[in-house]
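Worksheet for the structure shown next.
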Amino acid sequence: MTEKIQNTYCVIGDPIEHSLSPDIHNFVFKELDLPLRYETVRVPTNRLALFVQDCRKMGRPGWNVTIPNKQAIMPFLDEVDPLAKRIGAVNTVVNRNGKLTGYNTDVDGFRSTLRQSSWSPSLKGKVIVLGAGGAARAVIEGLASMGVHEVILYDLIVERIKQIQHDFMKLSDLTITIGKLENSDLEKQLAEIDLLVNATPVGMWPKENASPVHCPEQIQPTATVFDLVYKPVETLLLRQARSRGAQTLSGLTMLTAQALASDEIWLERNLPKTLFDKVYQHVFNQMEKNE
Ligand code: NAP
């Protein structure tokens, strides 16, 4: 049992059965011909302490963390990488001889998806982010590191935006402006956007007939629209943007990239660039099969 766990990574969360992570990581381990496995473990927040204790005792080499434990895991770790600390969320844990360190690879996933596209920060166009949860924090960190100077942030709860403003402004020279959800402000802004990022769950299966944007006709062909939602792969927002001629980027690309970034941390090596396309295609096929 202990020996098996020493070769087994996992993702913890609650619920967790729906996770695509085993599909991704088991495929990667097989492609790299490594004797490693990856599984899901349902861990409600009140059982985190016990889970971490067991992993330490049995030598589990690492794990991913998802909702609702991305913040709750932090006090149980020996060290948290500065970037994960800044975002306030850990999605990857590595166990190095009993020392547990937490990382956040969502920023890598977001940045590498943008880098694969033709988008680059311009001084003229507006950058809008919808949502002010954990994913939005990774998005803002990624944008700041790519040289974006101003982001307009929309959320249902203004206090959440103010907290992000407070946390990020003391760390970078990025200006975060509060978008007003009322007064059809978003409608006006959309016509001038360079980049729109959906970091809310709006449009996610099983409510895939929803879009966070009520006036898609304002989206210009010069815009780039990035939806972090990965199920469905092409959300209603992305379909709306595509029909306007805009460049669209899918959450599945980011999901694949953040998973490979976790593997690079665990395996302590850079993975071949050619692996990305194979993994993306594999997970895409799996999703089609499961539909
Ligand atoms: P979260 O912590 O629940 O944050 C979502 C935020 O969006 C909340 O503040 C929510 O407010 C707000 N919101 C909901 N509807 C809105 C609307 N119409 N307009 C503006 N704001 C709205 O979730 P998260 O962890 O940040 O994740 C967000 C999405 O990103 C999820 O779909 C997740 O699956 C996806 N994600 C994808 C990847 C990837 O690799 N592709 C990685 C991370 C996350 P309320 O709480 O008041 O509803």
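Atoms within each ligand, like the ligands themselves, are counted from 1 in listed order.
Between Asp78 and Arg56, at least one side-chain nitrogen of the basic residue sits less than 4.0 Å from a carboxylate oxygen of the acidic one, meeting the salt-bridge criterion. Ionic pairing of Arg96 and Glu268 is present here: one or more N-O contacts between side-chain nitrogen and carboxylate oxygen are shorter than 4.0 angstrom.
Looking from atom 9 (O) of ligand 1 to the surrounding protein, the closest heavy atom is Arg160 NH1, 2.4 Å. Protein heavy atom at the shortest distance from atom 3 (O) of ligand 1 is Pro201 CG, 4.6 Å.
In this structure, His18 has its ring center no closer than 6.0 Å to that of Trp205. Note: Phe51 and Phe76 fail the aromatic proximity criterion, with ring centroids not under 6.0 Å apart.
Of all the heavy atoms of Pro212, none lies under 4.0 Å from any atom of ligand 1, so neither backbone nor side chain is involved. Neither the backbone nor the side chain of Leu252 has a heavy atom within less than 4.0 Å of ligand 1. Contacts between Ala138 and ligand 1 below 4.0 angstrom, taking non-hydrogen atoms only, are absent altogether. Under 4.0 angstrom from ligand 1, the non-hydrogen atoms of Met204 all belong to its side chain.
Every atom of ligand 1 is numbered from 1 in the order shown, and the set under 4.0 Å from a heavy atom of Val202 is 15 (N), 18 (N). Heavy-atom contacts of Gly251 reach the following atoms of ligand 1: 39 (C), 41 (N) (cutoff under 4.0 Å). The distance from ligand 1 to the heavy atoms of Gly131 drops below 4.0 Å at these ligand atoms: 7 (O), 21 (N).
Residue Gly109 places no heavy atom under 4.0 Å from ligand 1. In this structure, Val229 counts as a contact residue of ligand 1, since one of its heavy atoms falls inside 4.0 Å of the ligand.
Considering every non-hydrogen atom in both Ala89 and Asn104, the closest pair reads O-ND2, 3.0 Å.
Proximity annotation for atom 27 (O) of ligand 1: of Gly134, Ala135, Gly203, Ala135 comes nearest, heavy atoms only.
Looking at Leu271 and Leu32, their side chains come closer than 4.5 Å, going by heavy atoms from C-beta outward.
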Salt bridge (charged side-chain N to carboxylate O under 4.0 Å, His left out) between Glu208 and Arg239: does it pass, once the steps are laid out? CA-CA 11 Å; Glu208 64 252 59; Arg239 282 207 306 279; over 6 Å; no
